[in-house]
Protein chains: 2
Amino acid sequence: MITMKDIALEAGVSLATVSRVINKKDNVSAEVREKVERIILEQGYNPNNAARALAKKRTNTIGVVVNNLHDPFYHDLIRGFEDGVQNTSYKVIFCSVLGGDVDMKESYIKYLTNGVVDAVVLYGSYQSDENIVKYIRDTDLNYVMIENDIKELNCNKLLIDNYNGSIKAVEHLISMGHRDIAYICGNPNKKVFVERLNGYLNAMQNNNMHIEDGFMQYTTTDYHSGYEKMINLMNLKSKRPTAVLCADDAIASKAIMAAFDLGLRVPDDISIMGYDNQTVLPDKYRGPNITSIAQPLFEIGQESIQLLVDQLDNNKRNDYIRKIYDTYLVEGETVKSI
Amino acid sequence: MITMKDIALEAGVSLATVSRVINKKDNVSAEVREKVERIILEQGYNPNNAARALAKKRTNTIGVVVNNLHDPFYHDLIRGFEDGVQNTSYKVIFCSVLGGDVDMKESYIKYLTNGVVDAVVLYGSYQSDENIVKYIRDTDLNYVMIENDIKELNCNKLLIDNYNGSIKAVEHLISMGHRDIAYICGNPNKKVFVERLNGYLNAMQNNNMHIEDGFMQYTTTDYHSGYEKMINLMNLKSKRPTAVLCADDAIASKAIMAAFDLGLRVPDDISIMGYDNQTVLPDKYRGPNITSIAQPLFEIGQESIQLLVDQLDNNKRNDYIRKIYDTYLVEGETVKSI
DNA sequence: TTCATCAATGCAAGCGCTTTCATATATTAT
DNA sequence: ATAATATATGAAAGCGCTTGCATTGATGAA
């Protein structure tokens, strides 16, 4: 391995001088700078980042940790990160926590925050991960947490207005003439699903719509069970809904499958709405475009990075941001006016 | 920041001893070990990875660099990486090269290979990136290159048999009774598309099938132009194909859109095949499941990591592997027997 | 001419950890 | 009891870089 020492020797200057030209300090004479640069090129020298990080306490890189990076849900978010780092002097590295395993998550965060990155952006649930929350609190790096409003954490928070998102969804259905609107909820342990649920409930109430018996379904395990919940809804003895709002598009895709399998046409026989406006859906979903509530994930990804870059470059350690992003309706082909 | 020194002081032992318990060396007495461990926990100490990397010349992490990480194409590959690292002592970090920009790629590779990872897996084209190839050749890290058979590079290579994949595709179409089979080629500057094209050409020849005038279409720019190429094919004055083989699923999805827009039913009026068996497709594709040639991307991801972990753990620096993976046919709903 | 100032460079400490080697103590064999 | 061996620990060098401080020579002011 070729080191700075080799370059210094070859150039007949001190380590310090080589370091100066590498770091583009201006107090080096033109001739020396040129010579050193030439030799660096000739020898194909590259600085060792571990040594650099140790000496400077800076790495010029930002870490991102998400659960299941392979999940198509992250598509837009990742694009945002990729884009955000463009034209900055920073690099981004991604870590994936398989299955959202808490220990793995903790270990990745500790890894990153101890000498490998200058700041980290976190997506995923952390409410219940006491250790991690405590760790983050005690660490003096810059963080941005996306969709994670943990009070005891004093860091950048980028949130999405899930509550009003659901309200938009319900009001869209109402505007299309629906009154019997059922809901398939996601895992109620997750903050986003609670917020979306509340949005639904309040929107229904505020518009004087009655939620019939059986109109509220909760997915068990994961989105797959959206299928059976839809079957449940369609088999209701009493009153059948004319529209079903789902907590996310993955669930909606399953609900649509269920409707098809029951011989129902979407949206002619039943209207279905999703949430997330996922660019790509799991399981080779091939149904109609789902009418959905979209979140500005690309922008959020972008701004996460921009925010951190700005804070790092300007040594802003303590003026954190808290921002709530609006959602918007994207009309697909799964809601009919009645 | 709390360091090993603090722990040593508090525990009344030397730095060396603390280092030993952290690294689980066995030559530390039980009492001392316990005490040190307790104090580490109490103080919430975490070792600095930069310092460690510098001292050990090992980081226990593997780097992955791909173009456009957000591309749904990587879905299965990423799952493979995630899975491969399970139950090992290694971490994986992902770097995304937006737009496949050569300079950015080079900078990420240099970054990773100088003190941040122990090995790297590369996916993307490198044939023409002389600098990078040269750099990799001169660097003594372990690499695995996926789908990149660069002769002058002596490293692990995991390849896919694109040529025979195309042959399988053509033979499937033949077995379904097709004789007039057109082809929409991908960017002929990319190795995979050349191989696939050759497979098509040879399969046609070997089966004594004639390739009519106009049956070969080349996409310009990217997969989007698959749309117009399909229109071209369907408007052929002379003879019209009964089946169209596309160089990948993204192109096929566009071809299907084109067929629809021309009022043709797939597969009743025209059969279409893709290649890649992409789990998720771009642009909210909502057509029928595409009959396609699948690649074992998950396995390739998995094995990339396993290979490297094995080589790192056993200090195998020089017995590299070269493996060619088979493809397989996945029947969808876009090919009709005639 | 002499002194203050400045630009260019080198010296050396230090970043936080690992590891070799030496040392001291405990254990076993004789 | 003594020598030989094993075990537990510490001292210190070193990993490759950055940076504050000191030094040198040159430049300009007085």
Side-chain angles (χ1 to χ4, degrees), chain A residues 1-37 39-40 43-61 110-118 139-141, chain B residues 1-37 39-40 43-61 110-118 139-141:
Chain A
M1 182 193 215
I2 143 155
T3 73
M4 243 176 58
K5 204 168 163 187
D6 302 313
I7 304 298
L9 230 58
E10 178 80 17
V13 298
S14 70
L15 281 188
T17 300
V18 177
S19 174
R20 286 188 191 106
V21 350
I22 288 174
N23 290 289
K24 307 207 183 305
K25 310 263 184 192
D26 53 2
N27 49 351
V28 182
S29 71
E31 314 94 276
V32 172
R33 152 162 293 122
E34 256 170 53
K35 180 169 187 185
V36 171
E37 277 171 348
I39 295 183
I40 286 180
Q43 311 262 337
Y45 164 74
N46 288 292
N48 179 303
N49 293 299
R52 265 189 141 176
L54 184 56
K56 310 224 294 195
K57 295 176 172 314
R58 272 307 186 101
T59 61
N60 258 256
T61 114
K110 287 188 176 170
Y111 161 69
L112 290 175
T113 52
N114 282 284
V116 359
V117 302
D118 296 333
T139 245
D140 69 342
L141 281 190
Chain B
M1 182 192 215
I2 143 155
T3 73
M4 244 177 56
K5 205 168 163 186
D6 302 313
I7 303 298
L9 230 58
E10 177 80 16
V13 298
S14 71
L15 280 188
T17 299
V18 176
S19 174
R20 285 189 190 105
V21 350
I22 287 174
N23 290 288
K24 306 207 183 306
K25 310 264 184 192
D26 53 2
N27 50 350
V28 181
S29 71
E31 314 93 277
V32 171
R33 155 162 290 123
E34 256 170 53
K35 181 169 186 184
V36 170
E37 278 171 348
I39 295 183
I40 286 179
Q43 311 261 337
Y45 165 73
N46 289 291
N48 179 303
N49 293 299
R52 263 187 143 177
L54 184 56
K56 311 227 292 197
K57 295 176 172 315
R58 272 306 186 100
T59 61
N60 259 255
T61 113
K110 287 188 175 170
Y111 161 70
L112 289 174
T113 53
N114 282 284
V116 0
V117 302
D118 296 332
T139 244
D140 69 341
L141 279 191

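Chain naming here is simple, since letters A, B, ... match the order of the sequence lines and numbering starts at 1 in each.
For S19(A), no side-chain nitrogen or oxygen approaches OP1 or OP2 of dT19(D) to under 4.0 Å. Taking 4.0 angstrom as the limit, R20(A) places none of its side-chain polar atoms (N or O) nearer than this to OP1 or OP2 of dT9(C). Here N23(B) reaches the OP1 or OP2 of dT18(C): one of its side-chain N or O atoms lies under 4.0 Å away. The shortest distance between the side-chain N/O atoms of R52(B) and the OP1/OP2 oxygens of dT18(C) is below 4.0 Å. A sub-4.0 Å separation between OP1 or OP2 of dG16(D) and a side-chain N or O of K57(B) is present. Contact between the side-chain N/O atoms of T3(B) and the OP1/OP2 oxygens of dG16(C) is not found at any separation under 4.0 Å. The side chain of K25(A) contributes no N or O atom lying less than 4.0 Å from OP1 or OP2 of dA8(C). For T17(A), a side-chain nitrogen or oxygen approaches OP1 or OP2 of dG10(C) to under 4.0 Å.
Within the 4.0 angstrom heavy-atom criterion, only backbone atoms of the sugar-phosphate kind lie near V32(A); the bases stay farther away. Using a 4.0 Å heavy-atom cutoff across all strands shown, V13(B) reaches sugar-phosphate atoms only and no base atom.
Using modelled atom types, one side-chain atom of T3(A) and one backbone atom of K5(A) make a donor-acceptor pair closer than 3.5 Å. In this structure, the side chain of N48(A) engages the main chain of A50(A) through a donor-acceptor pair within 3.5 Å.
In this structure, the CE atom of M1(B) is 11 Å from the C1' atom of dC17(C), given to the nearest Å. In this structure, CG of N48(B) is placed 14 Å from C1' of dG14(C), rounded to the nearest angstrom. One can place CZ of R58(A) at 20 Å from P of dC17(D), the figure rounded to the nearest angstrom. Per the geometry, CG belonging to D26(B) stands 9 Å off P belonging to dT7(D), to the nearest Å. Going from atom CD of E34(B) over to atom P of dA8(D) covers 14 Å, rounded to whole Å. Atom P of nucleotide dT9(C) and atom NZ of K35(A) are separated by 11 Å, given to the nearest angstrom. For L54(A) and dG14(D), the CG to C1' distance is 12 Å, given to the nearest whole Å. The distance between atom CE of M4(B) and atom P of dG10(D), rounded to the nearest whole Å, is 12 Å.
Counting heavy atoms of neighbouring residues, nucleotides and ligands inside a 6.0 Å radius, atom CG of D140(B) does not exceed 12 of them.
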| field | Candidate pair T59(B) and N49(B), rule side-chain contact (heavy atoms from CB on, under 4.5 Å), full reasoning | value | CA-CA 7 Å; T59(B) 61; N49(B) 293 299; over 6 Å; no

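Of the residues near DNA chain C, N27(A) and Y45(B), the one whose nearest nucleotide (by heavy atom distance) lies more toward the 5' end is N27(A). Between A55(A) and A55(B), the one whose closest nucleotide on DNA chain D sits nearer the 5' end is A55(B). Heavy-atom distances to DNA chain D give each of A16(A) and G12(B) a nearest nucleotide, and the one nearer the 5′ end belongs to G12(B).
When each of dC17(C), dA8(C), dT9(D) is scored by its nearest atom to the side-chain atoms of L15(B), the top-ranked nucleotide is dC17(C).
Judged by distance alone, the side chains of N60(A) and R52(A) never bring a donor and an acceptor atom under 3.5 Å apart.
Atom-to-atom distance recorded for I7(A):CD1 and K35(A):NZ is 12.0 Å, nearest 0.5 angstrom.
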